[in-house]
Protein chains: 2
Amino acid sequence: MKLDDKDQQILEYLQQDSKMTNKQLSMKLDLSVTAVYERIKRLEREGIISKYVALLNPEKVEKAFTVFCQIKLIQHTRNYLTRFEAEITSLPEVLECFHVSGEYDYILKVLVKDMAAYREFMVTKLTTLDHIGSTQSTFTIEKVKNTTAIKL
Amino acid sequence: MKLDDKDQQILEYLQQDSKMTNKQLSMKLDLSVTAVYERIKRLEREGIISKYVALLNPEKVEKAFTVFCQIKLIQHTRNYLTRFEAEITSLPEVLECFHVSGEYDYILKVLVKDMAAYREFMVTKLTTLDHIGSTQSTFTIEKVKNTTAIKL
DNA sequence: AGTGAAAGAACGAAAAC
DNA sequence: GTTTTCGTTCTTTCACT
């Protein structure tokens, strides 16, 4: 599906603030409320907008310690990969996990309270998984940018 | 501020689907609509809920190529760091940027259309920045997990 | 902290242009 | 594509516990 200029503007606004009403959007885009409504419905139906979520402030909920953890598996059979991925997905500390190229097989973004909690996570959750080869943790000192908005 | 069980449940639900109405939440939590309303307002006021956003499907908007790019700076004076961070923040392809420990100084999550677009990004945007030492790109083969929801 | 009631605003669908 | 209308639903405030 192709997105015209109005669609793109709607997506830009909703990626910044999904509480914006159709009326507000209609004024910004110089369209009728109904036109905005129909466009958003279409964007949802097509799956371009996948979901609407509330974002929390990690500091305020004591999950401000972000770690990128790279993992190498010992074996790479389909079976092991699938099991590893299922187990990783089930861990709430792991917000993101990508299968990647390069020296390591996976890169994880892990959110925990502090270093102690990360150690606990490593010892009780990560290293107990089967077929983990080596891991390398990269600790974040500061969050420079962190957005969910994709520029169209 | 401390979050009781009801607060945590509200946050869990809203992190999954912020379009859930106060009425739906009130039924799930066995509270009145007003009680839910007041709790959400408090969570917003305290900054625990930082914003509400629409999430797009990267595949549908041709931004499915995710790259983790690690960057080393040549110099590390306060001035250079600040300028680098300001410039990185302004790049729409960079969704996340963290100042990190370890061999490299920064780790970036970059979303572009494909390898050609990434090359273009590197050549025209990243390597034109001053004081970049070396970079290392890790390409993602598959997205295993990617959530914005923090487990409380 | 909580509830119920009521006004006001927005949604969602249909009509007609 | 647009405007208008209308019933329904949700939001928000208020009085009260």
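A quick note: this is a predicted structure, and the numbers were derived from the prediction, not measured. A, B, ... follow the sequence lines: proteins, then strands. Residue 1 opens every chain.
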From CG of B/Leu31 across to C1' of C/dA1 the rounded distance in Å is 11 Å
Only one of B/Val94, B/Leu126, B/Ile107, B/Thr138 passes side chain to side chain contact (heavy atoms under 4.5 Å, CB included) with B/Cys69, and that residue is B/Leu126
Checking C/dA1, D/dT12, C/dA10 against the side chain of B/Val33 (C-beta onward), the nearest is D/dT12
Testing C/dA1, C/dC11, D/dT13 for proximity to the side chain of A/Asn22, the answer is C/dC11
Walking DNA chain C from its 5' end, the first of A/Lys23 and A/Tyr37 to be reached, judged by nearest nucleotide, is A/Lys23
Side-chain atoms of B/Thr21 come closest, of D/dT2, C/dG2, D/dC10, to D/dC10
A/Ser32 has its side chain closest, among D/dT12, D/dT13, D/dT2, to D/dT2
Taken to the nearest whole Å, CE/A/Met20 to C1'/C/dA10 is 15 Å
The nucleotide from D/dG1, C/dG12, C/dA1 with an atom nearest the side chain of B/Arg39 is C/dA1
So, do B/Phe68 and A/Phe98 have ring centers that fall under 6.0 Å from each other? yes
B/Gln24 CD to D/dT11 P, in whole Å, measures 9 Å
Check your understanding: Is it true that atom CD of B/Glu44 has more than 12 heavy atoms of other residues, nucleotides or ligands lying nearer than 6.0 Å?
Key -> yes
For a 4.5 angstrom cut-off between non-hydrogen side-chain atoms, does B/Tyr118 reach B/Val110? yes
Rounded to whole Å, the NZ-P distance (A/Lys41 to C/dA13) equals 8 Å
Taken to the nearest whole Å, CD1/B/Ile40 to P/D/dT12 is 10 Å
Problem set entry | salt bridge (charged side-chain N to carboxylate O under 4.0 Å, His left out) between B/Lys109 and A/Glu96, worked out | CA-CA 11 Å; B/Lys109 190 168 88 170; A/Glu96 303 182 22; 2.8 Å; yes
Rounded to whole Å, CG of B/Leu25 lies from P of D/dC10 at a distance of 11 Å
note: A/Glu38, atom CD; C/dC11, atom C1'; distance rounded to Å ~ 12 Å
B/Asp7 atom CG is separated from C/dG2 atom P, nearest whole Å, by 8 Å
Can you say whether a donor on the side chain of B/Thr34 sits under 3.5 Å from an acceptor on the base of C/dG4, or the other way round?
yes
